[in-house]
Amino acid sequence: MSNDKTKSDAEWRAELSPEQYRILRERGTERAFTGQYWDHHEAGEYRCAACGEPLFASATKFDSGTGWPSFHQAINPDAVAEKRDVSHGMERVEALCHHCGSHLGHVFPDGPAPTGLRYCINSASLSFQKEEDRD
């Protein structure tokens with residue numbers, strides 16, 4: 001998949017499944033406990049489903065009890081961008097792929113040490129690469 005932030009809507013629709021498009025490009029969410037990675041425990045790297053950019057290491061994943069994959073930090077400080085989100089009558093922090101701008105989920109200040117953060121991410125926003133399959 002291309003890493004271009006300037007892709008047209010038609011190009012994104014052609015590359016992503018309808019569910020991925022709804023979540024990644026229209027800022028949607030999946031129902032809790034339904035995504036493929038909420039209860040996933042293999043060692044490896046979680047990447048942006050739109051552009052393939054590395055986002056989270058499996059070592060930072062934890063069970064938040066929310067039904068979505070949760071991580072206490074991004075794979076590096078530049079991987080995930082944050083943006084104020086006041087949709088749905090609440091104030092939150094939206095998590096975006098820094099590389100392609102796709103919506104990933106939200107960041108909350110109720111995570112475990114050492115960061116105290118909980119990146120609550122939609123499974124449809126992610127792809128997974130096993131540790132042994134990495135370059």
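These numbers come from the heavy atoms of this one structure, side chains and all, not from hydrogens, waters or symmetry mates. No experiment lies behind these values; they were computed from the predicted model shown.
Between L24 atom CG and H103 atom NE2 the span is 8.0 Å, to the nearest 0.5 Å. The NE2 atom of H41 sits 4.0 Å away from atom CG of D39, with the distance rounded to the nearest 0.5 Å. Interatomic distance, CD of Q20 versus OG of S125, reported as 8.0 Å (0.5 Å rounding). Atoms CG and OH, from L55 and Y46 in turn, are 12.0 Å apart once rounded to the nearest 0.5 Å. From S102, atom OG reaches atom CZ of R25 across 4.0 Å, with rounding to the nearest 0.5 Å. Note that CG of D110 is 9.0 Å distant from CG of L117, once rounded to the nearest 0.5 Å.
Side chain of R22 to main chain of T29: a donor-acceptor pair is present (N/O by atom type, distance under 3.5 Å, no hydrogens or angles). Under a 3.5 Å cut-off, the side chain of N76 and the backbone N or O of A79 do form a donor-acceptor pair. The main-chain N or O of H40 is found under 3.5 Å from a side-chain atom of K61 such that the two form a donor-acceptor pair. Side-chain atoms of W68 come within 3.5 Å of backbone N or O of E30 as a donor-acceptor pair.
In terms of heavy-atom proximity, E15 sits nearest to A50 at OE1-O, 4.4 Å. Pairing each heavy atom of V80 with each of A95, the nearest pair is CG1-CB, 3.8 Å. Closest of all the heavy-atom pairs between L96 and G101 is CD2-O, 3.7 Å. Contact between A59 and H72 at its shortest, heavy atoms only, is O-NE2, 4.3 Å. Closest approach of P112 and F62 over heavy atoms only: CD-CZ, 3.3 Å.
Salt-bridge check for K130 with E45: failed, with every basic side-chain N at 4.0 Å or more from each acidic carboxylate O. Note on R84 versus E94: no salt bridge recorded, every NZ/NE/NH1/NH2 to OD/OE distance being 4.0 Å or above.
At least one side-chain heavy atom of T66 sits under 4.5 Å from a side-chain heavy atom of R118. Taking the side chain as every heavy atom from C-beta outward, R47 and F128 never approach each other to under 4.5 Å. Side chains of E42 and E131 form no contact here, defined as non-hydrogen atoms less than 4.5 Å apart. Between C48 and S127, every side-chain heavy-atom pair lies at or beyond the 4.5 Å cut-off. Annotation: side chain of S70 is not in contact with side chain of Y119 (no heavy-atom distance under 4.5 Å).
Between F56 and F71, the gap from one ring centroid to the other is short of 6.0 Å. Residues F33 and W38 place their aromatic rings such that the two centres sit under 6.0 Å apart.
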Run the side chain to side chain contact (heavy atoms under 4.5 Å, CB included) check on S87 and R92 step by step: do they pass?
CA-CA 8 Å; S87 64; R92 302 177 288 176; 3.4 Å; yes
